[in-house]
Amino acid sequence: MDDTEAGRRPDAGAAGKVMQKEKQKSNYLAQGWLVLLLAGGFAAALAAVQVSLSGRIEQNKENETLGRIGELVPGAIAGRKTDINGMTAYEALDAGGKRVGWVIKGSGQGYSDVIELLIGVDAEVQKITGLYVLEHKETPGLGSKIRDDADWARQFAGKPVAEPLGVVKDGGQIASIASATISSRSVCQIVNNAIKQFKNAMAGRDTEAERVGDVVPGAAGGRKLSVAGMTVYEALDESGAIIGWAVVAAGDGYAGEDSIVLLIGLDAAAEKIAGLTVLSHGETPRLGDRICEQAWLRQFKGKDANRPLKPTKSVPRAGSNEIEVISGATVSSRSVCRIVNEATARLKGGFGKTTGTAP
Amino acid sequence: MEHLSQLVLIAFGAALINNFVLKYFVGICPFLGVSRRVDMAFGMGCAVTFVVAIAATLSWTFTYYILRPDAPLTAWVWQKISPGSTAVVDLSILNYIVYIFVIASSVQLVEMYVRKFFPALYKSFGVFLPLITTNCAILFACLMVMKYISEEAWGLDKAITLAVFAGVGFTIAIVIMAGIREELDHCDVPRPLRGAGITLIIAGILALAFMGFSGVDRSLANLLK
Amino acid sequence: MAKDEPTPLERFIRGILPENPVYRQLLGMCPTLAVTASMKAAMTMSGAVLFVLFCANVLTSLIRHLLKPHLRILVFTLTIAAFVTIADRFLAAYMYEMSKQLGPYVPLIIVNCIIICRCEVCASKQPVLTAATDALGQSVGFALGLASIASVREILGSGEWFGLAVMGDWWIDWGIMILPPGAFITLGLLLGTANWIGSGRAKRGARES
């Protein structure tokens, strides 16, 4: 059992002590080996755990945000993490892989401690589509309602992004939670800051080049040119081959001169319109801004670029170049058609005159 | 100025607003055990502050330079072993083991120091000094530093501020408790509650009082802006 | 000496009530107060402690003959820290929400006095089976202790038990129960109750004998 007893047996004086010392030294050595062995064994076990589980843990962290995208952006079923000018944002994608909105994270000081939020915005960064409180340490029963009360967060959906949000007490439109004004106010501030940061990041990046992929399906990038005085992008696929064109065109809208800026996608031969997206506009919220709606913009896909588009109030005839105008936003709709017509005409003219540029 | 105000906020936060004992429930064992007399409590508080400062410094250094994903020293060594590799070396699985050993060493260090220079204090502490190793507060401080390194890239100055003022907060809590308990000796506490029971109830009332500090850091932040 | 040692079964039963780590030994206070705001968190913590205590006890018992006084604590600490890391990673991988809720309290199991105490007192001196049952008994006792506090706090503080609504709509939540002061006061009162029951039983025992 206890073998130091052996060392304590009454041996002849000095010899006994030397033996004791040697026994102790070998004890230390043995223990040292034991610790090393244990350390090595544990290191191996931990390395195995790390290798096998770290992927899953990372996935869990991502799912926290990705899992919420569906409820934050209507129509989205998946998310993709991207980096916009150093800011992490999540693209909300629908079933077809098209971007229908964004989800960004916001955080800031609440009443007790930091509050972390997920904010959903629509694709054009014009409206908030949803809000979810990821983490908070507010007072249970009072400030904690920012998360526990689903209806409270729901009032953020639909709010326009153009003006900063505030609680009713400060003249804003968000109803604060009873006895938790500070928590409510903090959430508004965090949302405002996050959106401002996001807008700056979006403006900072090369908005046009990256959105070529929105209007020319399959494009991985764009190469900027100037044709007939317009900014045109060669839409390139992953191998670098030209699969289409994207034209930046501005024109007068309901709001005024050059109030609508479009990105028009054309196929490689510049015969058909491949897609259309609104880069920016100043049209009336809820009326003219419906030109940003995907359902409306989808009409332009496949239309003939050689003939002018015809805005019509009735249902367009199949195979024609008619575009149904948005009721209540006739001027905005017509403006878009006009801008597209002018741009495609100029482009074809420019292609015809310049040598070396297809088609 | 901005940096200094950040440090002030961290200090206040650690000492009062997010008091380690009364809000995070760490360091309860010494809090219940050593808080009978004010002078002992104060000595314990100082010892804990000292140990946590050393432990936090060491653990920050280890975490920042060796343990976190893509830490400078580890990356350098990895480059020497397999040059040109793009793999990110992440030793953070060893965090807890390293921290506990750092803490044990810090306690040993402080124990040797106190035994050499304050022998009377050492005698009165008895077994409590080595027991600081199992004091949750110190490991908790190391864990907070670890969290803030990964989330907010805290430097050594912020880590030390947090550690030292966490110790100060612990000292404040334990000294207040000791003062109250000294008075409690003269009271007629119901038998079942004597000892740990009444101490916990008083701790609860203290925690309630400290809750009044919530939100102070926000106003402080606005004031310091 | 072997005759006076409790059998493995006795050790198991002892750990549950007579030597209950929370109420009798007053060990492991930190998680007791921190995670008992909800039953789910408390039970997850008990599960983690069970895993670590069991593995540490068994391993320590297996190498008990090799342990000498000097490096004993070192070996215990290394063992416990390694197992806690494993438990923490497993929680983060398979129960992410719970892992976030428990936060830094899982790694704090390393300094949880219960485990070091059992390793020192029991596992380093007893064969594997005894150490294992001791670990199980203490863990069950710990779970019981946590459950009693968590039940009180969760039912009074949010009207739920294990996340299911127990109190009707008429119940106004006692927010204080979820917050730190509630934890302290609940534990204090329950400790007093346990002492009172215990002393009552002892008095009856003394009178009868």
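Sequence lines set the chain letters: A, B, ... in the order given, protein chains first and strands last, and positions in each chain run from 1.
Counting heavy atoms from C-beta on, the side chains of A:Lys159 and A:Leu165 come closer than 4.5 Å.
The residue among A:Leu38, A:Asn60, A:Leu46 with the most heavy atom pairs within less than 4.5 Å of chain C is A:Asn60. Of the listed residues C:Thr79, C:Ile176, C:Leu74, the one with more heavy-atom pairs under 4.5 angstrom with chain A than any other is C:Thr79.
Closest of all the heavy-atom pairs between C:Ile109 and C:Ala48 is CD1-CB, 3.9 Å. The shortest heavy-atom contact between C:Leu146 and C:Ala42 is CD1-O, 3.6 Å.
At a 4.5 Å heavy-atom cutoff, the contact between C:Ile63 and chain A is made by side-chain atoms alone. Interface remark: A:Ala39 contributes backbone and side-chain atoms alike to the contact with chain C (heavy atom separation under 4.5 Å). Proximity to chain C is absent for every atom of A:Glu58, based on heavy atoms less than 4.5 angstrom apart. For a residue to count as touching a neighbouring chain, one of its non-hydrogen atoms must lie under 4.5 Å from one of that chain's; by this rule C:Ile178 touches chain A with the side chain only. Neither the backbone nor the side chain of C:Ile172 has a heavy atom closer than 4.5 Å to any heavy atom of chain A.
Of residues 80-96 of chain C, those residues with a non-hydrogen atom less than 4.5 Å from any non-hydrogen atom of chain A are, in numerical order, C:Ala82, C:Phe83, C:Thr85, C:Ile86, C:Arg89, C:Phe90, C:Ala92, C:Ala93, C:Tyr94, C:Tyr96.
In the model, A:Ser183 has a side-chain atom that pairs as donor or acceptor with a side-chain atom of A:Glu138 under 3.5 Å. A side-chain donor from one of A:Asn63 and A:Gln59 sits under 3.5 Å from a side-chain acceptor of the other. Between the side chains of C:Thr186 and C:Arg153, no donor-acceptor pair is found at a separation under 3.5 Å.
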**Prompt:** Run the side-chain hydrogen bond (donor to acceptor under 3.5 Å, both in side chains) check on A:Thr88 and A:Lys105 step by step: do they pass?
**Reply:** CA-CA 8 Å; A:Thr88 309; A:Lys105 268 201 191 155; over 6 Å; no
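In this structure, A:Tyr90 has its ring center at least 6.0 angstrom away from the ring center of A:Trp102.
Heavy-atom neighbours of A:Leu36 CG from other residues, nucleotides or ligands within 6.0 Å: above the threshold of 12.
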